[in-house]
Amino acid sequence: MNQPFLSSTLRELQLFTRSWRFWTTFALVVLLFVVTGPYGTFERMTLGIRLGYWLIVHAVTWSIAICFALMAEILLRRHLNHTLARMTIGSLVAALPIGFALGAIDFAFFGHWTNMGNGFHRALFALPLCALFCLLTYMAMHRQIAEVSASALPPASALAPAASEPEILTRLKPQNRGAILRLSVEDHYTDVVTSRGHELILLRFADALKELGATPGLQVHRSHWVADAHVERLKRDGGRLVLVMKDGTEIPVSRTYADAVRARFDELPARS
C-alpha cells in the first residue's frame, strides 16, 4: 500500500471517530437490538449480558465493515462515480471476515466454536446486514465523506504538468518544483535537485531520465544527470573529468560518457 492510500484511509477513519452523527446512529442500532433481542438473545440472555453481547457484535462488525467500505471507496474512485456504490462493494466483501468474527464472539459467550461451514453460512447471513449498515452509515455521513474525498484529490492542474514542464516535477512537493538542475542516485531513490530545493523520490534512475522530457541536459555518469544550464565548468582531477555546477557541487564524469561530455561542454574551460 502506498502512502497516499494510507493517508486517505486514516483521514476518513478519523472522520467517523469524530462524528456525533455516526455515534448516534451506532448507539440507536445497538439499542434496537438490545431491546428487541433478535436471534433468540432475548430469551437466552439477561439485559446486561444482552447489552454487552450486541455492543461487542456491532463494534466488531461495524469496524470491519467500515474499514473495508473506506478502502473500497478510495480504491474504486476511478472506476465508480457514486460513493454509496463503492462503499457497498467494500461492505459486502467484509461479510466473510465478519462471519468468522461472529463465530468467535459466539464462542466467547456460548462456548461454541464455529466451523468452516458455519463461518461461510454466517458470512452469507451477514451480507444483508452489511448492506444495511453501509446504507445507514452513508445516510448519516455522506456529506462529510464527500468533503474529505474532494479535499484528498489534487486539482487537475496539479495532476497534469504544464506543456513546458517535465513529468518528473509532478512527483515533487509543490514547494520543490522548479527548474531541474541535476539528478543523482541515492540507494533505491533518485535525488531530484531543482532551483527551489531537492527531494528524494522512489523511482528508478532510468525511469527518472525518461520523465525529464525535453529538458536540455546530459547523463554524465551511471548515477548522475546534469542540466546544461547549470554546468559552470569542466575540471580535471587526477586524470578524471569533473563537472562543476553553478552551486559549487562537483559531479564526476565516467569514462563511458567522457566523450559526450567533451562534445557538449567543449566551450567550457577544463581546469586542473
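Both W23 and V57 sit in one connected hydrophobic cluster of ILVMFWY residues. Membership requires side-chain heavy atoms under 4.5 Å apart, directly or through other members. Side-chain heavy atoms closer than 4.5 Å link hydrophobic residues (I, L, V, M, F, W, Y) into clusters, and following such links, even through other members, never connects V242 to V253. No single ILVMFWY cluster, assembled from side-chain heavy atoms under 4.5 Å apart, contains both L181 and V185. Side-chain heavy atoms closer than 4.5 Å link hydrophobic residues (I, L, V, M, F, W, Y) into clusters, and following such links, even through other members, never connects L47 to F42. Cluster annotation: L203 and V192 are assigned to the same hydrophobic cluster (Ile/Leu/Val/Met/Phe/Trp/Tyr, side-chain heavy-atom contacts under 4.5 Å, transitive).
The distance from atom OG1 of T194 to atom CZ of R182, rounded to the nearest 0.5 Å, is 10.5 Å. Atom CG in L31 sits 9.0 Å away from atom OG1 in T36 (nearest 0.5 Å). Between the CG atom of L200 and the CG atom of D191 there is a distance of 5.0 Å, given to the nearest 0.5 Å. Taking OG1 of T61 as the start and CD1 of I56 as the end, the distance is 11.5 Å to the nearest 0.5 Å. Atoms CG and CD1, from L127 and I98 in turn, are 9.0 Å apart once rounded to the nearest 0.5 Å. Note that CD1 of I66 is 8.5 Å distant from CZ of F26, once rounded to the nearest 0.5 Å.
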Let me have the donor-acceptor pairs involving side chains of residues 207-222, under 3.5 Å, with sequence neighbours excluded, atom names and distances please.
unit_1, atom_1, unit_2, atom_2, d
D207, OD1, R204, NH2, 3.2
D207, OD2, R204, NE, 3.0
D207, OD2, R204, NH2, 3.3
E211, OE1, R171, NE, 2.9
E211, OE2, R171, NE, 3.3
E211, OE2, R171, NH2, 2.8
T215, OG1, L212, O, 2.7
Q219, NE2, H221, O, 3.0
Q219, NE2, Y257, OH, 3.3
H221, ND1, S223, N, 3.0

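With F109 as the aromatic partner, R44 does not meet the cation-pi criteria of under 6.0 angstrom to the ring centre and within 45 degrees of the ring axis.
Nearest heavy-atom pair across M87 and A69 is O-CB, 3.6 Å. When all heavy atoms of P166 and I180 are compared, the pair lying nearest together is CG-CD1, 3.4 Å.
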Derivation of the side chain to side chain contact (heavy atoms under 4.5 Å, CB included) call for D228 and F265:
CA-CA 8 Å; D228 291 349; F265 305 112; 3.7 Å; yes
Between W62 and T25, does a side chain to side chain contact (heavy atoms under 4.5 Å, CB included) hold up when you go through it step by step?
CA-CA 11 Å; W62 281 50; T25 304; 4.1 Å; yes
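For the pair S195 (side chain) and A179 (backbone), a donor-acceptor distance under 3.5 Å is present. Without hydrogens or angle criteria, R233 side chain to V244 main chain gives no donor-acceptor distance under 3.5 Å. Looking at R177, its side chain does come within 3.5 Å of a backbone N or O of L172 through a donor-acceptor pair. E199 contributes no side-chain N or O that, together with a main-chain N or O of N176, makes up a donor-acceptor pair within less than 3.5 Å.
Ion pair E250/K235 flagged as a salt bridge, since at least one NZ, NE, NH1 or NH2 atom sits closer than 4.0 Å to an Asp/Glu carboxylate oxygen.
Taking the six-membered ring where tryptophan is involved, the planes of F110 and Y53 are tilted, since the angle between them lies from 30° to 60°.
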